[in-house]
There are 2 protein chains.
Amino acid sequence: MDLPPDAFARECASRVVLDRIGDRWTVLIVVALADGAIRFSQLRSRIEGITPKVLTQTLRALERDGVVTRTVFAEVPPRVEYELTELGRDLLAPIDAIRIWAEQHAARIVANRGRYDVAADRLRARS
Amino acid sequence: MDLPPDAFARECASRVVLDRIGDRWTVLIVVALADGAIRFSQLRSRIEGITPKVLTQTLRALERDGVVTRTVFAEVPPRVEYELTELGRDLLAPIDAIRIWAEQHAARIVANRGRYDVAADRLRARS
DNA sequence: CGGAATCCCTTAGGATACTG
DNA sequence: CAGTATCCTAAGGGATTCCG
């Protein structure tokens, strides 16, 4: 199977990889790692609303993919740091572009939603 | 509330918008719309594995956000076309960058996963 | 053709509590 | 500090059928 990669194809590897982006926390975590190594609890407090369990899960998946590294320091109290690999840094650029897009257009999108919902309500009222 | 937008903040609008990206199909749909207007059934066949229900759902959400337009032609048989708005085209660039990243690095990531799983198995066997 | 309507089920992920 | 361990439900999404 040396076909050109096609994310639209169900079984294509790139599709499998895309599924990882399509999770609620990956984008935020990768962006949070943009500035270099960071500890578990720092991540946790930076990303509002994430629970330790889900943070661990997502970090493990990212580590498995080779996007982040996990380094345990034999100290007490324990310290664990996460850092983007080169692969992860390659991913950072497009992901951060999305974050920026979201922040730039958020207000407009929320407004769009409001207008859409009002219009939908009107339609329903007429039927 | 005119704070700078911060995707890490739970209640920030940009976080809400990011949640839309964090769904399995949005990325593929937006990419599929890259080349201009396209019909429902074309989308459906282009994106392997999506069911009509989910395609409709996701398209409606995108329409609500003002990312795509939906145009119904009064013909028989009916024809409905979807197209990116300007907002959608702005989103396309970063999203497509992610698709390209995925296609470029898919093989490596799959290999990483394999290695990780083997290592994890070894660790479990020792305990 | 382009959906809407149902039914159903897996599972991501939230809350909470505990541990090396 | 950096996680596990449980428990649990909200909902994303699949399969199927029907409609204008």
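So you know, we letter chains A, B, ... as the sequences are listed, proteins then strands, and number each from 1.
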Worksheet item: Tyr82(A) near the nucleic acid: base, sugar-phosphate alone, or nothing, with a heavy-atom cut-off under 4.0 Å?
Response: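 Touches sugar-phosphate only.
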Worksheet item: Contact class for Arg44(A) (heavy atom, under 4.0 Å): base, sugar-phosphate, or nothing?
Response: nothing
Suppose we screen for side chain to side chain contact (heavy atoms under 4.5 Å, CB included). Which residues come up paired with [X], at least two apart in sequence or across chains?
{"X": "Ala37(A)", "result": "Glu81(A), Glu83(A)"}
{"X": "Glu75(B)", "result": "Phe73(B), Arg79(B)"}
{"X": "Arg64(B)", "result": "Arg113(A), Tyr116(A), Asp117(A)"}
{"X": "Asp6(B)", "result": "Phe8(B), Ala9(B)"}

Just jot down the side chain to side chain donor-acceptor pair (under 3.5 Å) partners of [X], sequence neighbours excluded, or say none.
{"X": "Thr26(B)", "answer": "Asp23(B)"}
{"X": "Asp90(B)", "answer": "none"}
{"X": "Arg20(B)", "answer": "Asp65(B)"}
{"X": "Arg39(B)", "answer": "none"}

Worksheet entry | Any residue meeting ring-ring contact (aromatic ring centres under 6.0 Å, His included) with Trp101(B), in chain and number order, not counting sequence neighbours |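 In terms of ring-ring contact (aromatic ring centres under 6.0 Å, His included), with neighbours along the sequence ignored, Trp101(B) is linked to His105(B).
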Discussion item. Counting primed atoms plus P, OP1 and OP2 as sugar-phosphate and everything else as base, spell out the protein contacts along nucleotides 13-20 of chain D at 4.0 Å heavy-atom distance: B, S or - for each nucleotide, 5' to 3'.
Written reply: BBB----B
Discussion item. Using a 4.0 Å cut-off on heavy atoms, which residues in residues 30-39 of chain A reach DNA chain C? List them by number, or say none.
Written reply: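 Nothing qualifies; none.
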Fill in: Axial bend angle, the helix from dC1(C)-dG20(D) to dG20(C)-dC1(D): five-pair end segments, nearest 10°
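The value is 60°.
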